[in-house]
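Heads up: the structure comes next, in structure tokens.
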2 protein chains.
Amino acid sequence: MTSDTPSPNGRQPAHQDPEPALLDLVELLFFAYRDFTREPDKILVDFGFGRAHHRVLHFVNRHPGMRVADLLDILKITKQSLGRVLKQLVDEGFILQEAGKTDRRERRLYPTQRGHELAEQLVAPQIKRVARAVEASGKEAQTCIEKFLRQMIREADREHVGKLLETGKTHGDVSTKPAQPRGPVR
Amino acid sequence: MTSDTPSPNGRQPAHQDPEPALLDLVELLFFAYRDFTREPDKILVDFGFGRAHHRVLHFVNRHPGMRVADLLDILKITKQSLGRVLKQLVDEGFILQEAGKTDRRERRLYPTQRGHELAEQLVAPQIKRVARAVEASGKEAQTCIEKFLRQMIREADREHVGKLLETGKTHGDVSTKPAQPRGPVR
DNA sequence: AAAAATAAGTCAACATGACTGACATAAATG
DNA sequence: CATTTATGTCAGTCATGTTGACTTATTTTT
């Protein structure tokens, strides 16, 4: 038994939180994320896709020329799991594969026109939601929100993710030079 | 084709973002959440449970006396899905059910001692992670982070969630009066 | 008191996306 | 030539979600 007085029937009273505001953040993060993924999920249904497809497509769209190994590294799923959704995306013309120029074992991944469009369609409601939330929080809040989210990433990955965000900005095709892979969404 | 000049082979160049900082937030949210759920996931394995169990147990622990209908309402999953994990949690002694005092159709849900302890064990790393991230972002950041996360919740649910967070603070048992249900985690 | 509505539980069937572990192929590297 | 690497694949399993129809107990409404 804990410090709380237990009911005679073995039930437990609600937990007395040492820092209620932090627990609120924990729970708000759940709700925020739940709704953050809702709109894309709805869109995906029409394409017969699921979340996994979104992740992969988002990555590849933001990082044309990304390798399978890079995806595995960031999604942290198994080859099997990735292989299944990737194959579907390729078969249905959303992603195309190409042998690496310098290392022909590699399969470089690129979004097709369709893939690019779907990726945009999926991320649009997420950007809109974030944009509105930032505005409603006061524009100056953006800095601390970004800081907070970065700090939420486990220390071992933090720098890596930082680089991914950077290289995501440098637009151009990366088919010749590996380039750091970058973040998915959801 | 979009405004970007497509490669001759049908590949698409990386997307030129209208507001790169917002897209960063979108992706950081993914990474933050990914790592936010990692530690509880690891713990759950030892109990033969998954994320669904975490959600249900968290709810019930924070809201003793919650009804099945309340859980369904907030988790937004089907009775079948909830039923499966709830049954496991009951069978293995983490949650107990009791007919409502005023309305005996209801099944009021309560954490047992074990359930209470597991819920605490699961939320602990999440609180720790949030606490550290808040501190590293400057303590004054907490306000705008909370604002932001609240605004990320879809408008239709925002007030409801606000109430849930409130009632979660009022500690006591709610077996006689329904009380607003409250937020899960993850 | 009979009828309707509500809370919960249940059945059967199914889809998605994750897992494991072993193995195959092609190509690069030593 | 041997080894390592990048990728793909086979076969099977599990967790968690879905749908829709139906039952039971109980409360509420007419």
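Chain letters run A, B, ... following the sequence lines, proteins first and then strands; every chain starts at 1. Please read these numbers as outputs of a predicted model, since none were measured by experiment.
- To the nearest 0.5 Å, atom OG1 of residue B:T112 and atom CG of residue B:L57 are 8.0 Å apart.
- For a distance-only test at 3.5 Å, the side chain of A:R84 qualifies as a donor-acceptor partner of the base of C:dA18.
- Side-chain atoms of A:A52 lie closest to C:dA18 of the nucleotides D:dT7, C:dA18, C:dT10.
- The listed nucleotides are C:dC19, D:dT16, C:dA7; the one nearest the side chain of B:R67 is C:dA7.
- Between the side chain of A:R105 and the base of D:dT5, a donor-acceptor pair under 3.5 Å is found.
- With rounding to the nearest 0.5 Å, the separation of CG in B:L86 from NE2 in B:H53 is 9.5 Å.
- In terms of phosphate contacts, A:H53 brings a side-chain nitrogen or oxygen within less than 4.0 Å of OP1 or OP2 of C:dG17.
- Aromatic rings of B:F148 and A:F148 (six-membered ring for Trp) have centroids beyond the 6.0 Å cut-off, not under it.
- Not a single donor-acceptor contact under 3.5 angstrom links the side-chain atoms of B:R107 to the base of C:dG9.
- Heavy-atom distances to DNA chain C give each of A:V85 and B:L86 a nearest nucleotide, and the one nearer the 5′ end belongs to B:L86.
- Within the nucleic acid shown, A:Q88 has no heavy atom closer than 4.0 Å to any nucleic acid atom.
- Relative to the side chain of B:R104, the nucleotides D:dT18, D:dT26, C:dA8 differ in distance, and D:dT26 lies closest.
- Below 30°, between 30° and 60°, or above 60°: for B:H54 and B:H58 the angle between ring planes is above 60°, a perpendicular geometry.
- Dashed line: the shortest gap from a side-chain N or O of A:S81 to OP1 or OP2 of C:dC19 is under 4.0 Å.
- In the set C:dA18, D:dT7, C:dG9, the nucleotide with an atom closest to the side chain of B:Q97 is C:dG9.
- Nucleic acid contact class of B:K87 (heavy atoms, under 4.0 Å, all strands): none.
- The phosphate of D:dG17 (OP1 or OP2) has a side-chain N or O of B:R55 nearer than 4.0 angstrom.
- Within the 4.0 Å cut-off from OP1 or OP2 of C:dA18, not a single side-chain nitrogen or oxygen of A:T78 is found.
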